[in-house]
Amino acid sequence: MDIILAQASFVFIQALGGLASAASLFLVASGLSIIFGVTRITNFAHGAFYMLGAYVAFTLTDRFGGAFGFWGSILLAALIVAALGALMEMALLRRIYHVPELFQLLATFGVTLMVQDLVVIAWGPDDLMGPRAPGFRGAVEIFGHRVPSYDFLLMALGPVVLGLLWLLFHRTRWGVLVRAATQDRDMVAALGVNQKWLFTSVFALGIFLSALGGALQIPRTTVTHGMDLSILVEAFVVVVIGGLGSVTGAFLAAVLVSELNAFGILLLPKISLVLVFLVMAVVLVLRPWGLLGKPFTAARQAAGISVRPWQPFSPAERALAAGAILAASALPFLVGDYGLTVGSEICIFVLFAASLHFIMTVGGLDSFGHAAYFGLGAYGAAFLTVLAGLPMEAALIAGPLLALAGAALFGWFSVRLSGVYFAMLTLAFAQITWSIAFQWVEVTGGDNGMLGVWPADWAAGARGFYWLSLGVAVAGVAALRALVFSPFGYALRAARDSALRAEAIGLDRARLQWLAFIVAGTFAGLAGALQAFLKGSVFPDFLGIPVSVDGLVMVLLGGVETVSGAVAGAVVYKALAIWLMSRTDLSRLVLGSAIVAIVLLFPRGIVGFVEDARDRYLPALLRGRGRSSGRETAP
């Protein structure tokens, strides 16, 4: 009987700890949900503002003592960061609301990189420990266990904030406008509502909630410059499980996720790292809009807007492409081994970005977990080389089959969703795959990785491997481009542009997108297999979120509405990132600034900007030459 009581008391204490963690997670997730519901911005900088709230609160509480100083500092920190968020919205996001929504994600990603280095500059690289909360420094003993009294404050805070938000959205005119904009923001604009200030106020409120969640964490945990990504991923999970735009859903999902984190490590230690992603995958498969979410109306495009038709290369463009490939082939005669190693990695990521670009542009599916297939291809090659003893040539052919199998399995579920729900389900599957690689130590080596993935003798040198990477990348990009202009590519684009019309003429949208998902995953797996031989090893990081984010950035930098933008985006992003890391300790600040500048200057991406300039100025130039020629030959 005593054992049962002890176990019951332990479970109760764990549940209390989960409820305390749920409060801050709810604050962050509710802010993210509100911002996305109205502005449709996938705010990748949300975690950065959470981190800023913690750092600013640390500085203010260190300066102002006493109960009034502490609690006033917590509130003031959230207000200061909210003001910074409003400034970012007015100075940056307001300029790019008219561009594709993913470019707004790219801009906020650039802001995240900048904040990461700015925090280190301002507060240093060391972790910081904030003061205890006045009046809540002790602990309460329950069933023989001591629970921090501050946890009880957080448990009460969550429902209080939920109630205040409900009153704000249901009992004020501003709240009614926000809820209306969540369902159809174009109709709200048609009624004469000033969308600019509505968006700014919503963004400021969302950032205030995120910063408040970060500020309230300083009595519980250390303040670190890496706390932004971890909370961002969990907040996205909460928002998707609860349902986009539903604050109540975010509250329920925050409690669910926090309790899973509290009990997962004890009850299911083998899958504790990925338990919340398993739950999210199950929820999305069974309830595609989340627990309390509703299908939202996509923003309407203005009548008359047309996208530039895609066309195969003209003879002149084919000649330029051939010249670029020949110039790249000559690189081994101009640079040393380090430069060739960098060149090989750029070629690999060109292929990886091109595979993601194919599913995003042709298939119309925005994947947040494309690294899963990159990593599966790498592990497939490693298994065949290290465990089966096969040569590199066989591993490069058969290794990506593991990525193909993963894409076939995950894609079958994913293509039944759309929009951000599709994106988050792909992220969930990627994290599940990462967890398997990280925790299945007997097969994958865990975080020690798999070593000894060496290339064949003819490709062991930097020059030979560079030519191999270049050849595979050129062949892969050419194959993907050929698919774009094949009957399969035209059918896929028809399903992307109008699912109802495509189905009316007999096209199976889900089947087409599933096949495209498999194609993209296979080519990503080929890139991963090359990366395994380039590095000589494979680690779970190959499957990590940063790799997926890098792929998204490359695609968006090049131009998501172009055919070959991923090539330019991958070359520019990867070369710039590697060069900055070797030149400065503030590489993220410079790279983030460059990304923001590119978004502002080239909102259609690098290749999109070049195509716009070509279509705008080349015909006029040719007409001018024709008139000049006519005057010279006139009698």
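Residue indices begin at 1 and follow the sequence shown.
Between Leu25 and Glu234, some side-chain heavy-atom pair lies under the 4.5 Å cut-off. For the pair Gln104 and Asn43, the minimum side-chain heavy-atom distance is 4.5 Å or more. In this structure the side chain of Leu552 reaches within 4.5 angstrom of the side chain of Phe368, judged on heavy atoms. With a 4.5 Å cut-off on side-chain heavy atoms, Phe70 and Pro219 count as touching. Side-chain contact between Leu427 and Val240 is absent, with no heavy atoms from C-beta onward closer than 4.5 Å. With contacts defined as side-chain heavy-atom distances shorter than 4.5 Å, the pair Met360/Leu365 does not qualify. Considering only heavy atoms from C-beta on, Asn261 stays 4.5 Å or farther from Ser21 through its side chain. With contacts defined as side-chain heavy-atom distances shorter than 4.5 Å, the pair Glu259/Leu19 qualifies.
Under a 3.5 Å cut-off, the side chain of Asp127 and the backbone N or O of Thr222 do not form any donor-acceptor pair. A donor-acceptor pair under 3.5 Å is formed between the side chain of Thr433 and the backbone N or O of Phe429. A distance-only check finds no donor-acceptor pair linking the side chain of Ser258 to the backbone of Val255 [under 3.5 Å]. Here the side chain of His170 pairs no donor or acceptor atom with the backbone of Leu165 at under 3.5 angstrom.
Among all heavy-atom pairs drawn from Gly213 and Ser24, the shortest one is O-OG, 3.5 Å. Nearest heavy atom pair, residue Val547 against residue Phe352, reads O-CE2, 3.7 Å. Considering every non-hydrogen atom in both Phe44 and Thr112, the closest pair reads O-OG1, 3.1 Å. When all heavy atoms of Met280 and Met424 are compared, the closest pair comes out as CE-O, 3.1 Å. For Leu576 against Ala594, the heavy-atom pair with the smallest separation is CD2-CB, 4.0 Å. Scanning all heavy atoms of the two residues, the minimum distance from Leu292 to Ser246 falls at CB-OG, 3.6 Å.
Considering OG1 of Thr200 and CG of Leu205, their distance stands at 12.5 Å, rounded to 0.5 Å. Leu589 CG to Ile121 CD1: the interatomic distance, rounded to the nearest 0.5 Å, is 5.5 Å. Note: Met581 CE to Leu591 CG = 10.5 Å, rounded to the nearest 0.5 Å. Note that the CG atom of Leu216 and the CG atom of Leu27 stand 6.5 Å from one another [nearest 0.5 Å]. Between atom CG of residue Leu106 and atom CD1 of residue Ile96 there is a gap of 8.0 Å, rounded to the nearest 0.5 Å. Taking CG of Leu157 as the start and OH of Tyr150 as the end, the distance is 8.0 Å to the nearest 0.5 Å.
Thr221 and Gln217 are not linked by any side-chain donor-acceptor pair at a separation below 3.5 angstrom, with hydrogens and angles left out of the test. Side chains of Tyr50 and Asp228: a donor-acceptor N/O pair is absent below 3.5 angstrom, by distance only. For Trp166 and Thr248, the side-chain atoms include no donor-acceptor pair closer than 3.5 Å. Under 3.5 Å, the side chains of Ser73 and Arg63 contain no donor-acceptor pair of N or O atoms.
Within 6.0 Å of CZ on Arg95 lie no more than 12 heavy atoms contributed by other residues, nucleotides or ligands. More than 12 heavy atoms of other residues, nucleotides or ligands sit less than 6.0 Å from atom CZ of Arg416.
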### Task
Test side-chain contact (heavy atoms from CB on, under 4.5 Å) on Ile595 and Tyr573 and set out the steps.
CA-CA 9 Å; Ile595 289 174; Tyr573 178 77; 4.1 Å; yes

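Under the 6.0 Å cut-off for aromatic ring centres, Phe349 and Phe374 qualify, their centroids lying closer than that.
Checked against Tyr421 for a ring-ring contact (aromatic ring centres under 6.0 Å, His included), the options Phe236, Phe36, Trp289 give a single hit: Trp289. When each of Leu232, Leu32, Val28 is paired with Ser210, the side-chain contact (heavy atoms from CB on, under 4.5 Å) condition holds for Val28 and for no other.
By the 30° and 60° cut-offs, the orientation of the rings of Trp174 relative to Phe169 is parallel.
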